[in-house]
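We're numbering straight along the sequence, starting at 1. Indexing begins at 1, ligand by ligand and atom by atom, following the structure's order. Here the structure is a predicted model, which means the values were calculated and not measured.
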Amino acid sequence: MKKTFVISTLILTAAMNMAAAEITSPSGDLKLVVDVDAQGVPVYSVDYKGKTLVAPGRLGLVSDETKFTDGFRIVDTDTVTVDRTWQPVWGEYSDVRDHFRELAVKLKADNPDREMTLRFRVFDDGLGFRYELPLQNGPNYLTLKDELTEFNYTDNHTLFAIPGDYDTDEYLWSETTFTELPEALNNYTRHTEAQRTGGTTIQTPMLIKTTDGVYVNAHEAALDGYPAMLLDVDTANYAMKSHLVPDRLGVSAYLQLPFNTPWRTLIVSDDARDILASQLIYNLNEPSKIEDTSWIKPMKFVGVWWEMFTGNEKTWAYSDDHSAKPGVTDYTKLTPNGRHPANTENVKKYIDFAAKHGIDGVLVEGWNEGWEDWAGYRKNRQFLFDKPYPDFDLPALRDYAKEKGVKLIMHHETAANAADYELQLDRAFQFMKDNNYDAVKTGYVGAIIPRSEHHTSQWMVDHAKHVIERAAEYQIMVDSHEAPRPTGLARTYPNWLAQESARGGEFESMGGNPPSHTTILPFTRLKGGPMDYTPGLFETRMSYYNEGKDSQAGTTLARQLALYLTMPSPMQMVCDLPENYERFPDAFQFIKDVPVDWSDSKYLEAEPNRYITVARRDKNSDDWYVGAITDDKARVATIDLSFLPKGEKYVATIYEDAPDADWKENPQAYRIRTVDVKPGQKLKQRLAPGGGAAIRITKKAHKK
Ligand code: NOJ
Ligand code: CA
């Protein structure tokens, strides 16, 4: 009796089992196959142009309460083609096409009863997929321990990667292979207070160049209510598996169903330029939740900032008394250390400079109580976000900035005390509004408080969203540092203008960033969203300030101009000291002119870790701008001006490396020349070792 029952169940199951599901991208170049294996484990594979790109790999989720790993059968599949266009509030394009074929695979398992849908979207430039867990006939609260997503590659491809770390992405990039990865990761030193994963775990976004010359950016989209994903690499089998950032209790996520995970994304092309141009990650995010976006304004800003990095012993702190305690100590009684640039007189100079040169904002770091308990003394870590230091006359500066037509930009360094920041958030944002601030740079330097958490664990992903949503309610724009790396959420929250979440320009004062660094970031980190990289460094040697400092930036001066094109961001810093711009006023003109918001972008040349040439059209005029950068080797960029509309005459102002320029030996040698150019012309542009070129192209006025 029992036997018969089992057999009939099996027959029934077999009868209900559907065949493998398959879809292709609109162009047909990408083919995706989804199936369940003999154990009922969901598997997927991806072909690109007729060749296996990702061999069959498992999909699944593991929680304490239940597992979504095996015993599944496909009970339904659904496909749909979508082709629509949307308009971002800011960005590289004024119109973004969202064109994909979608496959939803509904899975069911018995004993215990479980349901899961795998949703795939295949675009011409890659694919994304996510797990959707509907309400179950079983546990609906999950303590998630693991995600089994596999990415099985087929050969010993080149990898562009940084070490797996739960707390920081501020690393230089390795160009390596699967088999050489362990050695490459051995070369990294651990960041203070950050938790490296060890082993052969790496972070996303990362880039692969296959042995066939196909480029793959692996990342995620719409990270919300879930931890960030790292990748465990099986170097012998050329395989990767998702590694969710856990909290310090070992739990990756606490979920209440129904729940959809973030999208796992692969941007794919055999043309490196397509990786840079791809908007796939934004396409997989939800449209803006902010209805009236008129208050969101892209901007350039200078800052009381670099002074604290130059090695001149300037400090964010007002005094050297490390026993000072915000809210308790009477700061007017402290002895000022005399090395505090966030003082009224100095800030006025920055406001004057910004006003004179048409720079929108002035960031001031070190304006508020709390810095005495910062770096090196950071056990309790608290800042007050409505308590200016005695030498920072906020009402006077507020009025002065207003009179000069300049916006002060707020700084909230939390020293990673995110818990305390949440308590102060409303007061802090109201204080900003009361004082005419509408943008804030946040920071999370140090180990996270609550101490159970990491920078990229679920709690901090939730925190980041909380901050961005509260900021939107106050109509505040945000530039976050040391936050979970972006996954395109700026589409949904366009007040999230920029993030750091990578090794930025600040490291030019701490060992330096080699020229190649900014030729790999656009292929990796930038796919999630703009970076506050802080370009515009004109004085590249720290020995200029202090003989004892030997840090040197991996750049020529001309290359710093090009970064405004190759590292696009709607919140772009003009990072150097005003006095350094005054030394090179003709080169500074480019920074004054360059827009931060674009209606179109054309990637003309690109190879990861080597070079990038890009042309962009200003969103607010017909002007085009071109930026070209190279690694530490000299290069001749070919700038094909086919993007210029025909029937007009144009003039190009070229800011270039002088013939004898070299990032190491002669970084400040540049030339500026003006030439007539025609649509379709191919400009040959020489770039020095570690150099670059920046070009402004305007229509020639018609002769009357
Ligand atoms: C690190 C940030 O990246 C940097 O820009 C900032 O100046 C310091 N933290 C201090 O908040
Ligand atoms: Ca940082």
Quick check: [Y] with [X] (ring centres under 6.0 Å apart)?
{"X": "F588", "Y": "F353", "result": "yes"}
{"X": "Y166", "Y": "H243", "result": "yes"}
{"X": "Y171", "Y": "Y188", "result": "yes"}
{"X": "Y318", "Y": "F392", "result": "no"}

- prompt: Roughly how far, to the nearest 0.5 Å, is OG1 of T310 from CE of M542?
  reply: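 If we round to the nearest 0.5 Å, M542:CE and T310:OG1 are 7.0 Å apart.
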
Check W371, Y444, Y389, Y421 against F383 for a ring-ring contact (aromatic ring centres under 6.0 Å, His included) and give me the one that passes.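 Of all the options given, the one that passes is W371.
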
Quiz prompt | Contact check, side chains of E170 and E482, non-hydrogen atoms, under 4.5 Å | solution =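 The answer is yes, as the side chains (C-beta and beyond) meet within the 4.5 Å cut-off.
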
Task: Under-3.0 Å protein N/O/S neighbours of the Ca ion (ligand 2), ordered by chain then residue number - done: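 Counting only protein N, O or S atoms under 3.0 Å from the Ca ion (ligand 2), the list reads E170 OE2, E482 OE2, E500 OE1, E500 OE2, E506 OE2.
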
Which protein non-hydrogen atom lies closest to [atom], naming both residue and atom, and how far is it?
{"atom": "atom 7 (O) of ligand 1", "value": "E365 OE1, 2.5 Å"}
{"atom": "atom 5 (O) of ligand 1", "value": "K441 NZ, 2.6 Å"}
{"atom": "atom 11 (O) of ligand 1", "value": "E413 OE1, 2.5 Å"}

Report the part of F309 (side chain from C-beta onward, or backbone N, CA, C, O) that has a heavy atom under 4.0 Å from ligand 1; answer both or neither where that applies.
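It is the side chain that touches ligand 1; the backbone stays farther off.
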
